[in-house]
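The next block holds one structure in the form of structure tokens; read it before the comments.
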Amino acid sequence: LTLLLLLAFVAQLSRFNEPSVGKRQPWTTSRVVGSPEPPLPYSSERAFPAIQFSMCLDMVTFSSSDRWYVVEQYGKVFSFLKDNQAAQTDLVIDFAKAIPGVVEVYSLAFHPDFANNRLCYVCYIMAPELADGTHVAQFKMLDTNPPTIDVSSEQTLVTWRSGGHNGCHLLFGPDGYLYISAGDANAANPPDIFKTGQDLSDIPASILRIDVDRADAGKNYRIPADNPFVNSDGARGEIWAYGLRNPWRMSFDRQSGGLWCGDVGWETWEMLHLIERGGNYGWSLTEAHQPINTELEPGPTPIIRPVTVHPHTESTSITEGLTYYGSRLPELHGMHVYSDYDTGKFWGLRYADGAVVERRELADTTHRVVGFGEDSDGEFYFLDHTAGTIQRLVDNPTEADASQFPSTLSQTGLFDSVTEQSPAAGVLSYFIQAEMWADGAKSHRWVAIPDDQQIGAQSSAWNFPKDSVLVKSFTLETRPGDPTSRRHVETQLLHFDGTEWMPYTYQWNENQSDATLVAAAGAEQEFEIEDPSGKRLQTWRFASRAECQRCHNKYSGTVLGFNIPQLHRQDEASQLHQFARVGLLTNEVPNEQLQSMADPGDPSATLDARARAYLHVNCAHCHRMSAGGSVLSYMHFDLPMDKTNMLAAPSQGDFGICNAWVVAPGDPFRSVLLYRLSKLGGGRMPRLGANEADNEGIGLITDWIAAMKPIQSEETNDCAELRFQNAEALELLKTEVASSQQVALIDD
């Protein structure tokens, strides 16, 4: 296949090698412009443009204050004047320095009578997996200019186990009581290992309600007498509601007093709740309406379904916002506004008489929305966690005609012949060094730059002209190994609209004459596959646009395949040279920037280079800082192994593997990485892009880990026995998965 692609590439280039021209022909047939959807009503702009933070999490103020207060994740709290031209931030406190052992700070809240008592409340986190690692504490803020917090005034209120899901938002209600969200103290997988979701005897997975103005014996607070479980045997009286996985942010409706909570879901759903007294929100019996741990003993109150849910095709980490009663955005007045951390999308809904009467998407941004801040006038801002900026929604000035965007592949102007996949003049074929696993499908790629414009190659981060398009087309053999059974399945486009790369996908029709644009939510199609063991059905996923953008993100580089390591080959004439010669690139890439990635299937490359390339193309786009992977194991191929965080115990679940590491050198069966690649269903990696096990990839990673020099670690007899059983299970998977894609290392 590589040879065929190379020949096609050379043939394409030959069209532009005429002595009288010497350059590629212009691409003049493009109709990939605009968007298939009408513009959303709002976009974003930066507020307080001279102010920036590091990994900000929370933004609060109070009515009589002339300042905003911003909490940074790793311990610092800053304040700044409520002036759009503000250029200075003042350090209120650095908790990581002031209190030994503090590693993170999540939330800050001011007492309703702060102007008189100067009391504020902070949630901070000690090391993970401590029985009392999450702290909610009261402090006194000194009346200085700028203000500071007196760390010696600390009074601890509540503690609970620290873990991946801490929740830990603090909010005073209209009743004057402090409401505290507590996550299930669990890692991402497996779900709810502490079985706390339905357990009222502990704090995690709950929302607490306490009175900070009075104190019960032995406490620095009082449990309100009307809390729902005060008189329940064995229950923590502080609990107001329960059954929540990771209640990240909450808000009170200014007019109705209703308590809203966004709960970050597990595998399938993101949930928005209206919290009721004594409410049970299902975790981990259910995730929304999806059964999870059905063997759990349910809590004492019936499960309340979410007000609204979002599937993971459009939202993967919900961030609760607020009900808007400001005046700057009049069309949003009375609407509940919330967002998503991973996709940057905003939605608004109206809720009346116990039902959602309207819900619509408001904006599609590139921000990592981690929290909202509301001023005394009801106007709101939101925080971009990784950029460290404060943003706000504004009316969208963009004009677009959705009807002009091509609804079929034949309308794009990319091909002379769609059925033959013959590119239009000026559209160049290219190949890459390392392909992602795509459930057995093969791909062909093209780059299309409008007219005779060029890609700016002055640095490793190339500049593409507006309306550039990158194309990838998949074919699947319904009888593996038989080229005559090959059929077109999907053609993907990345379109640069001048600001962002936007993903679109086209689904081929049954008679293979054309492909139709798939709706934003994505789609699925079943194919009958016939292999030596018989016939089976294989589900092909056409990713939603939100799913595409989870991988094609600004943190890992939106363009994942068209880059120097993927295009440059050291053992033959480089595509990069050809591209510069025909004028696709502005210049030759300097030698010092040339870098090549191995082909995972090339036996002449080293085992390490092949395995690292495999992990790079299948995993690294999420597993890097801020790119969406909750496990910060860095998997890009050019990072030294001791800098990847893979040579360590997993931070997001060990699946019952004794003495588990992400990668355990010399021991594949203690390696969670291999387990995740091998299994199907929940906890499988990669999470997106493939549903079938890759036998060759599993074999490659197994050999790579086995070839590493072992690092000594103690192993009990029980661990040795389980490792032996896992080894047998993995061998069973590798021999049988080709005939039945339902086999998994450990059944979900």
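Residues take their numbers from the sequence shown, with the count starting at 1. Everything quoted here is computed from the prediction, not taken from an experiment.
In summary, the aromatic rings of F48 and F80 are positioned with their centroids under 6.0 Å apart. Checked against the 6.0 Å centroid threshold, F496 and F464 do not count as a close aromatic pair. Annotation: H333 is in aromatic contact with Y325 [ring centroid separation under 6.0 Å].
Within a 6.0 Å radius of CD in E331, other residues, nucleotides and ligands contribute 12 heavy atoms or fewer.
The structure places CG of L383 at 10.5 Å from CD of E72, a figure rounded to the nearest 0.5 Å. The CG atom of D66 lies 8.0 Å from the CG atom of N145; values are rounded to the nearest 0.5 Å.
For the pair D340 (side chain) and S317 (backbone), a donor-acceptor distance under 3.5 Å is present. Distance alone, capped at 3.5 Å, is enough to place a donor-acceptor pair between the K82 side chain and the S65 backbone.
Between H273 and E320, the side chains place no donor N or O within less than 3.5 Å of an acceptor N or O (distance only, hydrogens not considered).
Applying the side-chain contact (heavy atoms from CB on, under 4.5 Å) test to S44 and every residue at least two apart in sequence or in another chain returns T365, H367, F382, Q391. Qualifying salt bridge (charged side-chain N to carboxylate O under 4.0 Å, His left out) partners for R360, counting only residues two or more places apart in sequence or in other chains: E358. In this view, E314 and R359 satisfy the salt bridge (charged side-chain N to carboxylate O under 4.0 Å, His left out) rule, not counting sequence neighbours. A search for salt bridge (charged side-chain N to carboxylate O under 4.0 Å, His left out) contacts involving D58 returns nothing, not counting sequence neighbours. Evaluation of the side chain to side chain donor-acceptor pair (under 3.5 Å) rule for R46 yields no partner, not counting sequence neighbours.
The two residues T386 and M55 come nearest to each other via the heavy atoms CA-SD, 4.3 Å. The two residues T412 and W27 come nearest to each other via the heavy atoms O-CZ2, 4.4 Å. The two residues V264 and I318 come nearest to each other via the heavy atoms CG2-O, 3.8 Å. The two residues T491 and Q421 have their closest heavy-atom pair at OG1-OE1, 4.4 Å.
Exactly one residue among H310, E270, K345 makes a side chain to side chain donor-acceptor pair (under 3.5 Å) with Y338. That residue is H310. When each of V471, L493, V518 is checked for a side chain to side chain contact (heavy atoms under 4.5 Å, CB included) with Y506, only L493 meets the rule. Partner H336 forms a side chain to side chain contact (heavy atoms under 4.5 Å, CB included) with one of T308, V307, L272 and no other, that one being L272.
Ion pairing between R67 and D90 holds under the 4.0 Å rule for side-chain N and carboxylate O. Taking 4.0 Å as the cut-off between side-chain N and carboxylate O, K472 and E435 do not count as a salt-bridged pair. E379 and R392 are not joined by a salt bridge, as no carboxylate oxygen comes within less than 4.0 angstrom of a charged side-chain nitrogen.
Applying the salt bridge (charged side-chain N to carboxylate O under 4.0 Å, His left out) test to residues at least two apart or on different chains, none of the pairs has a partner in residues 47-57.
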Point to revise | Candidate pair F562 and Y430, rule ring pair (Phe, Tyr, Trp, His ring centres under 6.0 Å), full reasoning | key: CA-CA 9 Å; F562 199 87; Y430 71 97; 4.9 Å; yes
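Using cut-offs of 30° and 60° on the angle between ring planes, the pair F252 and Y179 is perpendicular.
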